[in-house]
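Each chain gets a letter, A, B and so on, in the order the sequences are listed, and its residues count up from 1.
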Amino acid sequence: MLLTCVLIVLGTCALSPVLSRLLGRNAGWALALPLLGVAAALAVIGTSEQHVSWMPTLGIGFTLQLDGLSLLFSLLVLVIGAGVLAYSARYLGAGRHTGFYALMTAFAAAMLVLVLADDVVLLFVAWEMTTLCSFLLIGRTGSHARASAVRTLLVTAMGGLALLSAVAVMVVTTGTTRLSVILEHGMWGEGGAATVAVTILLAVAAFTKSAQFPFQAWLPDSMVAITPVSAYLHAAAMVKAGIYLLLRFSPALAGDTLWMSLLVTAGLITALLGAVSALKRTDLKELLAYSTISQLGLLVTMIGVGTEASLTAATAHTLAHALFKAALFMLVGVIDHRTGTRDVRTLAKLRVRMPATVTALAVAALSMAGLPPMLGFVSKEGMLAAFLEVPGPLWVSVVVTAAAAVASVFTFAYAFRMIIGARGGKEGPVVTEDNPFLWIVPALAAAAGLVLGLVPFILDGLVSGAATAAAGAGIDAHLALWHGINLPLTISLAVFAIGTVLVVARMPIDQYLKDRAFPFSALGVVDAIQARTIAIGGRIGAVTGTTSPRRHLAMAVLGVSTIAAVGVVVAPELPPILGESFRAIDLVLLLMVGTAAVAAMRANTRVAAIVVVSVVGFSMTLWFFLLGAADVALTQLLVEILTVVVMVLLLRRLPLDFSTPTRRRKVPAFAIAIAAGLSATVGVWALTGRRELSEAGEFYLTEGPDRTGGANIVNTILVDFRAMDTFGELAVLGIAGISIAVLVRSRLLAPARRVHIDASSPLQDPIENAVFTRTLARALRPAVIIASVLLLLRGHQEPGGGFISALVAGAGIALLYLAAPTDREARIRWPYIAFIGSGILIAVGAGLLGYLEGSFLTPLKVDVFGYSLTTALVFDVGVYMGVLGVIVTALNLLGLPRPHEKPVIDEEILVDPSHREEVST
Amino acid sequence: MSVAITVGILVTAAVYLMLKPEMLRIVLGFVMLSHAANLLLMASGGVSRREEPFGTHEAASEVADPLPQAFVLTAIVIAFSITIFMLVLAVTGRDEDDDTSTPVAEGADYDADHLPGGLPGPWTPRRPRSRKSKQEGPS
């Protein structure tokens, strides 16, 4: 049922573009109806809850719950929303307002989900949705509103992050995302670090949303939005989300010292700051904005006090505030609509003859001022009564009541300034009443404030329900206009008296306030913080903000080394190393790698560097053999050979020597390298070899051969068990091959160095000097082909497989290539790119066959003439083709002279115009 | 222990080479780093069991863990193709295979006034240094 309500509002949002197209601005009326309908439905349903599975694996549900508090806020969101939409139908100009209506209804939907959510993750999502909706609604007003919209977003999104952090801590601490369960969890009373963190984070989130000090700046700033948006933001949506959050967590946190001091301090500062600022405004809309801040401050204070009486007053005042604030905003909009100004100084030069609008405005403003018999008076009496009984030392109660009374004095003063200002002057052009359809909605809201003030007891049920949910204990509230002559009434009378003085003496006060501006504006602070944040980000980014790979690498390496150093200090006791991790023969390899590594670091020429690094590579081959990885060792050996071949092919395009670095460069580089090496050694030593065989490894060893029919377990992992991984790797290989081709074809290769050879030297003639290689190659050619095919076929049982056999074939091709007397003869006339493609296609085909037995890449077994064959072999053929294609691509594209180049040695070979086409095949 | 030391030696040499300006040294550093990574992967399966995994085995035997081996096998081939790709980069494009560092954002030399709408403006390069240590390739 609740879900249906949410879906209806969402559906309204989805329908809004169509309605807007059909009805133009009148769509506002049509869109208001479903919202009112849902509001009525929710009022009838009463307490209920509904759970819809959303992310079951994470335990996050689309859980909705309707209790008294949710009902009060739902009604505000929906009824005020409907009112604003209806008002917009005349406030907006004729024509379509698709974006506005879509966003407003989306805003209402987000707010509805927010107040109904019984899952903290859902609550957070809805919270962020309201942030985004308000950002878009403010931002769409025009280019002048962009800066304000961004500031609003930055402040409120920061609050969103605070809420997200609070949600994370709560979920981790309590182990559930259900809000109602979290609220009853034992974490709240304990006062542990998690609870303190959650308390602060929730307060920050609510303060940003409800524009509480020190996050109040965005609210007046967002006044650039059009009046209906402001009315909704201030009365029922956005800022009320913060109040809702505080009330929602009140049962768990009320009475907590930290919670109370945070809320009461921020609330009272905000209330006073907002009220004083409002008094200084001449623009009626701005005045209302500061008034909202002030009223929200009082609400936050009430929630912070946290007694049953104060929570009851808070819920009643939320309702009263929503009514008079919505009415006032819309009525100021009417005046603005009619006169073209909202400034009391300009209005004073007009004769405003708008009896309905001004009367309604006066009624709403009296409610704001807290005068009887308005609803605002009822809620304010409740507030004062609650403040007089704040638990704890007496001075707290005195301070809170005094501050609230002072704020009320200012409220009284600015409320009457509004009424006086809206009446206009005695001279100037006459402005007459606007279309009744425009002012009827706010007039109704204002009238509601009056009627409900006269008969407040009809709200008893609603307020009791909300207060019960907020206090976590049964509250039976009785709202009444007359409580007899008591202390709150006396305070109220004093407030009215001083307020009247302020109104009468407004001219000198204006003069006084004018000269005393605040030393800094909150908006300036926000801008400064923003600029400073960006500057700090720039400074941090500058450390690696360079195109030099060295600086990037140095930073990363230093970071990892720091982690390693910290790890050494704080490491827990490690389990013992299992088995012997050192054998005598290891020493030989250690020496080989060590010597070659030192030589690689010291090498001054490119040839030398390549040679010593390949010594490291061949040592790695031995390492893998020693560690019992025959296939890996074979692969390493072949790859090393081919790497050296490719490097030699490119060597002639690079200078001979490396640059010699200065000492200033060398020493830090060496220090960083040593730090990295030490970290690596410590990491490997500390984190490996301290456990038994992994479960996966055990499974492959004990079950692998039986399940796949292959004895070479490593190969069965590649083509049977984890074929999808291998398939992905094959794709990466193919992409690398194609990228190489694209790079070579689209960019010029560096020119080859001229080689100076003595003409009389026997090395001069390529045919003679390659005779040895050629003879060897001729003899080896059939052997290589046979070996390659054999390795491919037997790969499932013995060392071999697609990777290794393709590398063998590639090594054979490299040999042929080196043996060729001229570049032209060396060319391999294979469509290597097609090779890569067909390799991947074959692998895909083998994978698709797997669907016959269940899933992609499941190997099928077929018996052919007594031999058991599996489609894993087909897959391996695909791997073979792909790898071979990449090797041939590299050899062909890098070894041959480019079409624009002159051949280096065989001068007689002319540029073959057909070459390009062949490369492309 | 011996594997841990080997990894350390390889990483030291790799990082040292990668901190050099020439692309070829960076590529060689990358090759050594991939050796180190592969050896680390092997170590993750434990290096005390060193028999080759062929045929069916009992869990308690001295046979090496085959899973890291499969990972390393493909890692070697992928590192190979990336190496070739990096080598091609070394000989194409820019005039030299060593880097001339252009600081993209050195310091914060901008203020809020130049950020309309409060959005971060594009970082403009300042003082583009062209510190060519040694020309390589076409001049």
Side-chain angles (χ1 to χ4, degrees), chain A residues 146-147 150 531 534-535 538-539 541-542 545-548 550 553 579 581-582 586 593-594 597 600-601 613 620 627-630 632 635 639 650 653 655 659 669 673 676-677 680-681 684-685 688-689 696-698 700-701 705 711 713-714 717-718 729 733 736 740 743 747 749-751 803 890, chain B residues 1-2 4 6-9 11-13 15-16 18-19 22 24 28 35 42-44 46-48 50-57 59 64-67 69-70 72-74 76-77 80-81 84-85 87-88 91-93 99 101-106 108 112 117-118 120 133-134 136-138:
Chain A
R146 204 171 138 248
V150 169
I534 292 170
R539 217 159 281 151
T546 161
T547 53
S548 162
R550 270 176 291 171
L553 290 170
S581 67
F582 189 91
D586 294 354
V593 172
M601 286 158 78
V613 170
M620 291 303 296
L627 294 175
V632 177
T635 312
V639 159
L650 292 176
R653 296 182 187 277
S659 63
T681 299
V684 173
W685 173 79
T688 68
E698 194 179 321
Y700 294 129
L701 286 178
I713 297 176
V714 174
I717 293 174
L718 287 176
E729 280 145 8
L733 267 180
I740 291 165
L743 256 185
R747 307 173 87 175
L749 286 179
F803 284 111
Chain B
M1 192 64 208
S2 48
T6 314
V7 171
I9 293 171
V11 169
T12 306
V15 169
Y16 185 78
M18 289 174 103
L19 290 174
E22 294 91 354
L24 185 71
L28 292 175
H35 289 332
M42 294 295 293
S44 73
V47 293
S48 57
R50 293 190 180 183
E51 274 175 39
E52 295 178 0
F54 286 94
T56 312
H57 302 273
D65 193 337
L67 188 60
Q69 296 193 9
V72 171
L73 201 153
T74 47
I76 290 172
V77 182
F80 169 59
S81 64
I84 302 180
F85 184 73
L87 283 169
V88 173
V91 293
T92 54
D99 67 318
S101 53
T102 313
V104 181
E106 195 145 282
S133 53
K134 186 157 189 176
E136 296 188 12

Problem set entry | Side-chain heavy-atom pair B:Val15, A:Leu553 within 4.5 angstrom cut-off | no
Exercise. Which distance, rounded to the nearest 0.5 Å, do you find between the CE of B:Met1 and the OG1 of A:Thr681?
Worked result: 7.5 Å
Problem set entry | Separation between CD1 of B:Ile84 and CG of A:Leu743, rounded to the nearest 0.5 Å | 12.5 Å
Problem set entry | Least distance between heavy atoms, A:Val714 atom then B:Pro66 atom | CG2-O, 4.0 Å
Exercise. Do you know which of B:Gly46, B:Pro53, B:Ser81 has the most heavy-atom pairs with chain A at a distance under 4.5 angstrom?
Worked result: B:Pro53
Exercise. Which residue out of A:Ala696, A:Gly594, A:Gly697 racks up the most heavy-atom pairs below 4.5 Å with chain B?
Worked result: A:Gly697
Seminar exercise, completed: If one checks every heavy atom of B:Gln69 against chain A at 4.5 Å, the contacting part turns out to be both
For this session: Output the distance between atom CG (B:Leu24) and atom CG (A:Leu650), rounded to the nearest 0.5 Å.
Result: 9.0 Å
For this session: Kindly give the heavy-atom pair with the smallest separation between A:Val684 and B:Ala43, and that separation in Å.
Result: CG1-CB, 4.1 Å
For this session: For chain A, find which of B:Ile9, B:Val47, B:Asp65, B:Val7 contributes the most heavy-atom pairs closer than 4.5 angstrom.
Result: B:Asp65
Exercise. So which of A:Gly628, A:Pro705, A:Ala676, A:Ala669 has the biggest tally of heavy-atom pairs under 4.5 Å with chain B?
Worked result: A:Gly628
Seminar exercise, completed: Tightest non-hydrogen contact, residues A:Phe582 and B:Ser2, listed as CD1-CB, 3.5 Å
For this session: Could you look at A:Phe803 and say if it's the side chain, the backbone, both or neither that has a heavy atom under 4.5 Å from chain B?
Result: side chain
Exercise. Measuring from A:Leu718:CG to B:Leu73:CG, what's the distance to the nearest 0.5 Å?
Worked result: 5.5 Å
For this session: Determine the sole option in A:Ile717, A:Ile713, A:Leu701 for which the side-chain contact (heavy atoms from CB on, under 4.5 Å) test with B:Leu67 is passed.
Result: A:Ile717
Exercise. Considering only heavy atoms, which portion of A:Met620 lies under 4.5 Å from any heavy atom of chain B: side chain, backbone, both, or neither?
Worked result: side chain
